[in-house]
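Following: one structure in structure tokens, then a few remarks.
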Amino acid sequence: MSDCLFQRYRTHVLDALRRIVPDMGEELLARVELTPTREAAHGDMATNAALIAAKPARRKPAEIAAELAAALESVEGVTKAAAAGPGFVNLTLKPAVLQSVARSVLAAGEAYGDSRAGADVKVNVEYVSCNPTGPIHVGHCRGAVVGDVLANLMDKAGFDVTKEFYINDAGAQVAALAWATYWRYLQAIGSTIDAEAFDALTPGGLQYRGEYLIPIGQALAETHGTALADEGGRPAKPEKWFALVKDFAVARMMDGIREDLKLLGVEHGVFTSEAKVLADGVTDRAIKALEDKGLLYEGVLEPPKGKLPDDWEARPQTLFRSTAFGDDVDRPLRKSDGSNTYFANDIGYHLDKVERGAQVLIDVLGADHGGYVSRMKAAVKALTDAKVPLEVLLCQIVHIVRDGQPVRMSKRAGTFVTLRDLLDEVGRDAVRFTMLTRKSDAQMEFDLDAVVAQTRDNPVFYVQYAHARCRSVLRAAEEMLGKEAITPEALLNVPLDGLEADVELALLRRVASWPRTVEGAALAREPHRIAFWLGDLAADFHTLWNRGRDETSLRFLQENDRAATLARVALVAATATAIRSGLAVMGVEPVEEMR
RNA sequence: GCGCCCUUAGCUCAGUUGGAUAGAGCAACAGCCUUCUAAGCUGUGGGUCAUUGGUUCGAAUCCAAUAGGGCGCGCCA
């Protein structure tokens with residue numbers, strides 16, 4: 001675990017504050033923060049301590065701030081502490097303190113920024129969770145990346161994270177998949193039945209007509225020959241084939257989905273089957289638990305306002321009293337055929353996650369599931385007596401555009417629909433990084449040309465370029481000083497007091513803000529902050545680099561000044577490490593050079 | 001009709017959970033640049049934080065109402 005500058009000095013602030021204003025409650029002290037300043041004129045850090053303390057002390061903030069500043073001025077490493085504005089205290093640190101940040105980074109390596117804030121709380125992050133009825137689609141892509149990076153982030157922040165995928169393999173959709181696969185199987189064994197005839201035979205009609213099921217039908221034919229059909233390749237009764245074909249198709253679909261996700265760099269630790277949760281009786285147990293709490297009843301729902309479904313009719317059904325937990329209406333658990341609704345099974349699944357030890361549940365869902373959130377939260381609240389929180393991250397739609405024009409998702413027109421096509425076109429790193437350049441709950445345009453453009457305004461490129469430049473300097477430094485001189489271990493012992501230029505200190509300040517960025521982003525469940533921090537860090541590094549163009553004295557490698565060179569190499573190595581630490585959370589590969 | 005999310009510079013977006021004079025990039029304008037790694041650099045202009053009210057030392061941030069955009073609204077997942 002790396003020590004965080006801000007945490008360290010915050011304890012000094014609290015110590016001083018306790019002396020000046022005794023008897024402050026813990027909850028008030030918790031609101032005291034020490035943050036980076038927005039402007040250089042305000043020093044390195046600022047605290048709101050005097051503003052917080054003013055009320056309980058019944059004193060003016062400026063007064064307390066002045067006393068606090070006087071006390072903090074004597075703290076080791078502080079050159080200046082000044083009251084400012086409505087009652088802030090600004091701290092200016094000795095350059096040596098900022099310089100030591102480079103050493104912390106080199107000592108910690110990519111573990112720099114690791115935090116214990118999560119206190120090993122068991123968090124289950126469920127994401128992607130698409131139907132296993134076809135290849136994974138670009139529509140799932142944002143949730144996949146957001147979920148994965150959130151999980152990485154929380155892991156880095158000290159949570160005990162499980163990455164989980166829920167396989168929706170129990171509903172009508174997989175039944176339709178089984179029928180469609182069977183159709184392809186019949187074709188593979190030479191049956192002449194056409195789509196229309198089979199469509200008429202299939203409950204709910206033949207839904208999945210995509211070519212991706214052809215090889216699966218063929219594989220079934222190879223294994224089972226004609227055994228799954230009646231004579232002449234005529235369709236047999238479902239009893240003869242349905243369960244087998246369904247399981248086979250789902251398994252094959254999941255193989256493909258797993259493979260595609262792996263190309264995106266997403267690997268879940270746990271896959272949970274809806275059918276298995278159901279078969280194991282967890283779902284029944286969950287429903288029983290709700291019943292025991294008196295939260296189920298037979299009732300008739302009001303028809304929905306606005307557009308009415310064509311076949312709507314009032315009907316008594318088993319309802320969960322979700323309104324008791326903040327939902328708008330009570331929700332049905334059984335379909336008219338007696339089977340569970342998706343919601344009912346999902347209640348079972350969430351109980352399953354809790355029974356496996358999760359203390360916090362996080363679902364990453366598409367925005368079209370927004371209407372589902374309050375009922376699921378209600379169910380989890382009811383099941384766990386509000387002991388296990390369910391948090392939901394909604395990801396808004398991504399519009400794929402090329403050159404500002406929307407890309408229509410049409411298979412017939414040959415424009416891509418699958419995640420794999422997107423990855424083939426722009427690459428994994430561009431997809432992952434770009435998906436996090438917006439808050440999850442904001443809509444986003446994904447421009448196929450812009451995300452691979454090698455320009456300043458492409459954050460993926462800009463961050464990669466910064467790392468490549470760092471590596472380039474380190475390679476040149478190796479030429480100049482020898483390999484042993486610039487290992488992280490060797491650089492740990494290099495004097496850093498030459499790093500005093502404003503651009504160098506600004507870079508160090510940014511690097512120093514990584515631990516608190518990790519904690520803040522993890523606690524707020526906002527993985528996009530990592531992408532923005534990386535962009536800021538890259539900008540600071542490029543600024544320093546560019547300054548060296550005009551002022552040769554600021555260049556990293558100085559032929560005649562070994563001490564200055566070593567200090568700067570340490571800074572560059574620390575910067576590269578910080579970038580890698582951030583990219584590791586993003587699941588993006590750092591590059592050694594741009595090509 | 002109801003619920004949830006969103007509205008910040010001409011454009012695309014941040015804004016560290018209520019802090020100081022609201023910030024980047026693009027575009028515009030003005031200079032510079034032939035390079036330690038090239039895909040540029042420096043500077044300038046640009047704002048009623050959708051609108052109105054409220055909460056308090058202090059609001060883009062919290063609350064209420066209004067306007068506009070998105071999503072959802074029994075047995076799809």
Side-chain angles (χ1 to χ4, degrees), chain A residues 31 33 35-39 41-42 46 48 51 54-55 60-62 84-88 90 129-131 133 168 170-174 274 300-307 309 311-315 317 319 327-343 345-346 366-374 394 396-397 437-439 441-445 447 450 453-459 461-462 465 468-469 471-473 475-476 513 516-517 519-521 523-524 526 528-529 532-533 535-536 539 542-543 545-550 552 555-559 593-594:
Chain A
R31 286 174 52 204
E33 49 182 24
T35 57
T37 54
R38 200 172 303 168
E39 287 176 57
H42 294 151
N48 62 348
L51 290 160
K55 197 170 238 177
K60 288 186 179 144
F88 291 100
N90 296 328
S129 298
C130 53
N131 286 333
T133 53
N168 300 137
Q173 299 304 313
V174 283
E274 178 182 2
V300 179
L301 285 177
E302 293 285 305
K305 299 271 163 40
K307 62 165 188 188
D311 57 347
W312 196 91
E313 56 179 278
R315 190 175 73 74
Q317 53 195 159
L319 298 171
D327 200 3
D328 303 322
V329 291
D330 294 334
R331 306 291 179 172
L333 298 183
R334 311 257 188 236
K335 303 181 193 174
S336 53
D337 68 0
S339 66
N340 287 346
T341 57
Y342 179 81
F343 176 50
N345 284 355
D346 215 8
D368 54 341
H369 290 66
Y372 188 71
V373 174
S374 49
L394 290 181
Q396 288 290 339
I397 305 204
T437 54
R438 300 275 183 282
K439 283 183 295 204
D441 53 9
Q443 288 176 48
M444 152 151 112
E445 285 201 348
D447 190 307
Q454 304 210 331
T455 58
R456 165 72 183 90
D457 53 317
N458 177 6
F461 166 77
Y462 201 56
Y465 190 20
R469 274 181 159 174
R471 299 299 304 162
S472 166
V473 171
R475 283 193 298 271
S513 71
R516 68 189 305 282
T517 301
E519 279 191 18
L523 295 176
E526 291 190 349
H528 73 277
R529 290 192 199 177
F532 281 92
W533 179 83
D536 290 340
H542 288 304
T543 298
W545 176 288
N546 291 327
R547 193 65 68 82
R549 293 184 169 192
D550 301 331
T552 51
R555 296 184 180 187
F556 299 113
L557 307 181
Q558 302 285 329
E559 279 297 339
E593 54 187 332
M594 308 304 290

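As the counterpart of B:rC33, no nucleotide is assigned, since no Watson-Crick or G-U wobble pattern has both distances under 3.5 Å.
Aromatic stacking is not marked for A:His369 over B:rG72, as the cut-offs of 5.5 Å for the centres and 30° for the planes do not both hold.
Between A:Arg555 and A:Phe88, the residue whose closest nucleotide on RNA chain B is further toward the 5' end is A:Phe88. Of the two residues near RNA chain B, A:Asp337 and A:Arg456, the one whose nearest nucleotide lies more 5' is A:Arg456.
Contacts of A:Ala521 with the nucleic acid, taken as non-hydrogen atoms under 4.0 Å apart, are absent. Counting non-hydrogen atoms under 4.0 angstrom, A:Ala46 reaches a base of the nucleic acid. Nucleic acid contact class of A:Glu33 (heavy atoms, under 4.0 Å, all strands): sugar-phosphate only. Among the atoms of the strands shown, base atoms are found under 4.0 Å from some heavy atom of A:Asn90.
The base of B:rA14 is not paired with the side chain of A:His528 by any donor and acceptor separated by under 3.5 Å. Side-chain N/O atoms of A:Arg516 and base N/O atoms of B:rU16 include a donor-acceptor pair closer than 3.5 Å.
For the OP1/OP2 pair of B:rC13 and a distance below 4.0 Å, the side-chain nitrogens and oxygens of A:Arg438 include at least one atom meeting the criterion.
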Tabulate atom names and distances for all N/O pairs under 3.5 angstrom spanning the protein and nucleotides 6-8 of chain B.
none

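A:Phe88 pairs by the ring pair (Phe, Tyr, Trp, His ring centres under 6.0 Å) definition with nothing, not counting sequence neighbours.
Of the candidate nucleotides B:rU37, B:rU16, B:rC57, B:rC57 has the atom lying nearest to any side-chain atom of A:Leu51.
Classified by interplanar angle (parallel below 30°, tilted 30° to 60°, perpendicular above 60°), the ring pair A:His542/A:Tyr462 is tilted.
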